[in-house]
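What follows is a set of notes on a single structure, which appears directly below.
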There are 2 protein chains.
Amino acid sequence: MTSAAKGSRRLRQFECPVYGFQKIINGKYKIRIIRDLQHGPRRYGEIQHGLLTGAEGTKEVAPRVLSRELKELRTLGLIDRRDYGEAPPKVEYKLTAEGESLIPVISMMHAWGVQHLVKDSILNKLDIKRE
Amino acid sequence: MTSAAKGSRRLRQFECPVYGFQKIINGKYKIRIIRDLQHGPRRYGEIQHGLLTGAEGTKEVAPRVLSRELKELRTLGLIDRRDYGEAPPKVEYKLTAEGESLIPVISMMHAWGVQHLVKDSILNKLDIKRE
DNA sequence: CGGGATCCCGATAGATACTG
DNA sequence: CAGTATCTATCGGGATCCCG
């Protein structure tokens, strides 16, 4: 089996591709984590500080939650974890080939979101002026 | 305000487009419902019979669950509901313009899923033979 | 610094029964 | 046919404290 296929064993477990997709990105931060890793490896803390809860209080993600999301993404074979084994601890996460292949899809989701979901966007204002 | 903007009021409520996308498709059946409506209106029962729970038992969706998902999609302005007011009841659901604009994104998710998520796909077998 | 352990809570899915 | 009502089990997210 090729290495790509090897890493995707856990991924190939669904009957319906759309339902499967829904399942693997399920979790509040998974898509954003993958997106944050698109330009190279990031450390645990960097990911944490980059992710806000989305609420008004702009709090950071609870470590238990982030840790679980990262573990699930690893189990799915979408990201790799590298522990430098130093003191103080240093751990880096990066996308696998499978994870990288997800970037174009997420980019499309992002583009759609910019057009339809974000409040007070430029497009939104243009639309108002056009009426 | 144009009609498109009018229908999207409830949609434009997020700061982060990716997080927003994750939120609106949250729910076990939302993406599949939208996809099932891509070729025209469908009745409540048709949608229900087309959706399997995904588990081995291939059971149908509980009416309470489907009803809620449909209601949420309506609130988001992604689908429309038409009640024919007859006896026996007849209700049809169809995509709004906003909902239709989601189809290309879902198609991409579907394509990725076929390549990476579905077990025993043709691609999967080719990959095994290649080793 | 990068987590794990524990506790809590609201949300969500499902089963079942019922109705206009 | 197209839902609603009720109840229950489970899950996911968050808070807090702790550790090597």
Side-chain angles (χ1 to χ4, degrees), chain A residues 16 19-20 22-33 36-37 41-76 79-94, chain B residues 14 16 18-20 22-33 36-37 41-76 79-94:
Chain A
C16 169
Y19 177 61
Q22 209 281 332
K23 289 294 282 183
I24 68 164
I25 64 169
N26 206 337
K28 194 167 176 180
Y29 306 100
K30 287 208 185 66
I31 317 183
R32 275 189 288 168
I33 291 172
D36 289 346
L37 292 178
R42 293 284 181 272
R43 296 182 61 170
Y44 179 92
E46 293 179 311
I47 298 174
Q48 184 177 37
H49 300 145
L51 294 173
L52 300 178
T53 51
E56 300 304 311
T58 63
K59 295 198 167 185
E60 276 184 359
V61 196
R64 178 196 177 286
V65 176
L66 179 57
S67 171
R68 178 166 44 72
E69 301 263 278
L70 288 170
K71 202 169 295 175
E72 288 169 8
L73 287 172
R74 261 197 294 159
T75 302
L76 288 169
I79 65 174
D80 267 342
R81 192 187 105 113
R82 176 173 178 189
D83 191 338
Y84 284 79
E86 302 167 352
K90 177 179 177 182
V91 177
E92 274 185 354
Y93 292 89
K94 61 185 274 286
Chain B
F14 302 96
C16 169
V18 175
Y19 177 61
Q22 210 279 331
K23 290 294 283 183
I24 67 163
I25 65 169
N26 206 336
K28 195 167 177 180
Y29 306 98
K30 288 210 185 65
I31 317 181
R32 276 188 288 168
I33 291 172
D36 290 345
L37 293 178
R42 293 284 180 271
R43 297 182 60 171
Y44 180 93
E46 293 180 311
I47 298 173
Q48 183 177 37
H49 300 144
L51 293 174
L52 300 178
T53 51
E56 300 303 313
T58 62
K59 294 198 170 186
E60 275 183 1
V61 196
R64 179 195 177 289
V65 176
L66 178 57
S67 172
R68 179 168 42 72
E69 301 264 278
L70 288 170
K71 203 168 294 176
E72 288 169 9
L73 287 172
R74 261 197 296 158
T75 302
L76 289 169
I79 65 174
D80 266 343
R81 191 187 106 112
R82 175 173 180 189
D83 190 338
Y84 283 80
E86 302 167 354
K90 177 177 176 182
V91 177
E92 275 185 355
Y93 291 89
K94 60 185 275 285

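Quick note on labels: first sequence line is chain A, next is B, and so on, each numbered from 1.
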Query raised in the report: Taking the inter-plane angle between the rings of Y93(A) and Y44(A) on a 0 to 90° scale, is it parallel (under 30°), tilted (30 to 60°) or perpendicular (over 60°)?
Result: tilted
Do any N or O atoms of the protein come closer than 3.5 Å to N or O atoms of nucleotides 3-7 of chain D, and which pairs are they?
from	atom 1	to	atom 2	distance (Å)
dG3(D)	OP1	R81(B)	NH1	2.3
dG3(D)	OP2	Y93(B)	OH	2.7
dT4(D)	OP1	K71(B)	NZ	3.3
dT4(D)	OP2	S67(B)	OG	2.5
dT6(D)	O4	R64(B)	NE	3.4

Query - Ion pair check, R81(A) and D83(A), cut-off under 4.0 Å - result: yes
Report task. Counting heavy atoms from C-beta on, name the nucleotide in dC1(D), dG14(D), dA13(C) closest to the side chain of A62(A). Result -> dG14(D)
Report summary line: note: I33(A), atom CD1; dG3(C), atom P; distance rounded to Å ~ 12 Å
Query raised in the report: Looking at side-chain heavy atoms only, is the closest gap between C16(A) and R32(B) below 4.5 Å?
Result: yes
**Report entry** Spacing of E72(B) atom CD relative to dA11(C) atom C1', expressed in whole Å
**Finding:** 10 Å
Query raised in the report: If you measure from NE2 on H49(B) to CZ on R43(B), what distance do you get to the nearest 0.5 Å?
Result: 10.5 Å
Query raised in the report: How long is the line joining CG of D83(B) and P of dA2(D), in whole Å?
Result: 9 Å
Report task. Measure the distance from CD on E60(A) to P on dG3(C) and round it to the nearest whole Å. Result -> 15 Å
Requested in this report: When you get a sec, tell me which of dC1(D), dG13(D), dG14(C) is the closest nucleotide to the side chain of V65(B)?
Outcome: dG14(C)
Query raised in the report: Which whole-number value in Å describes the distance from R32(B) CZ to dA13(C) C1'?
Result: 13 Å
Query raised in the report: Nearest-Å distance, CZ (R42(A)) to P (dG3(C))?
Result: 16 Å
Report summary line: Contacts of P89(A) and N26(A) projected onto DNA chain D by closest heavy atom; the upstream (5') one is N26(A)
Query raised in the report: What is the distance from NZ of K28(A) to P of dC9(C), rounded to the nearest Å?
Result: 18 Å
Report task. Tell me, please, which residues at least two apart from D36(B) pass side-chain contact (heavy atoms from CB on, under 4.5 Å). Result -> L51(B)
**Report entry** Under-4.0 Å salt bridge between K30(A) and E69(A)
**Finding:** yes
Query - Separation of atom NZ in K23(A) from atom P in dT12(C), rounded to whole Å - result: 14 Å
Query raised in the report: Where do I24(A) and L73(A) land on the side-chain contact (heavy atoms from CB on, under 4.5 Å) test, with the steps shown first?
Result: CA-CA 8 Å; I24(A) 68 164; L73(A) 287 172; over 6 Å; no
Requested in this report: May I ask you to say what E69(A) touches in the nucleic acid, namely base, sugar-phosphate or nothing, with a heavy-atom cut-off under 4.0 Å?
Outcome: sugar-phosphate
Report task. Answer yes or no: does a side-chain N or O of K59(B) lie under 4.0 Å from OP1 or OP2 of dA13(C)? Result -> no
